[in-house]
Amino acid sequence: KVLPGITRDLVVELLQSEGIPCFEKSITPVELTAADEVWLTSSTMGILPVVSIDGNAVANGKPGKLWARADALYQNFIIHPEVIQ
C-alpha cells in the first residue's frame, strides 16, 4: 500500500530501463527489517537510503550498492532528462 509518487514512478522506470528488476508487493514488518536495502523516494529529496528502522540497522547500516546505482541513474536523469524516451 504505497502512495503513488512521481519520483517513485521515475525510479522504477529508470531501473527497468537498465534491466534492473523492480516490482512492488506487500511485505511484512519482518521482511522489511530483513531487507538488504530499503529506500524512500521524494520529489524534494530524491532517493533516500534507509540505514536503520526502529534503531536496528538495515543490512550493514550503510547505503547499499543498488541504492548507489539507482541514485546515479536518478541524478543523471536530473541533468539529462532526455534519457527516458
Check whether any side-chain heavy atom of W67 lies under 4.5 Å from a side-chain heavy atom of V38, and answer yes or no.
no
Would you indicate whether the side-chain heavy atoms of E37 and K62 approach each other to under 4.5 Å?
no
Taking 4.0 angstrom as the limit, do E24 and R8 come out as a salt bridge?
yes
Looking at E18 and R69, does any basic side-chain N land under 4.0 Å from a carboxylate oxygen?
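Yes.
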Enumerate donor-acceptor pairs with a distance under 3.5 Å from any side-chain N or O in residues 42-58 to protein atoms, sequence neighbours excluded.
residue	atom	partner	partner atom	Å
S42	OG	T44	N	3.2
S42	OG	T44	OG1	3.1
S42	OG	M45	N	3.2
S43	OG	T7	OG1	3.3

Crowded around D9 CG? As in, over 12 foreign heavy atoms under 6.0 Å?
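Counting other residues, nucleotides and ligands, CG of D9 exceeds 12 neighbours.
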If Ile, Leu, Val, Met, Phe, Trp and Tyr residues are connected whenever their side-chain heavy atoms lie under 4.5 Å apart, and connections chain through other members, are F77 and Y74 in the same group?
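The answer is yes; both residues are in one hydrophobic cluster.
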Is W39 linked to I27 within one hydrophobic cluster, defined over Ile, Leu, Val, Met, Phe, Trp and Tyr using a side-chain heavy-atom separation of less than 4.5 Å?
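Looking at the clustering, I27 is in a separate group from W39.
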Please answer whether the main-chain N or O of A72 pairs with a side-chain N or O of Q75 as donor and acceptor at a distance below 3.5 Å.
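Not a single qualifying donor-acceptor pair exists.
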Checking the side chain of Q16 only, and the main-chain atoms of P21 only, is there a donor and an acceptor separated by less than 3.5 Å?
no
Reported CG-to-CG distance for the pair D36 and N60, which is rounded to 0.5 angstrom:
9.5 Å
Look up atom CG in L15 and atom CG in L66, then write down how far apart they are to the nearest 0.5 Å.
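Output value for this atom pair is 6.5 Å.
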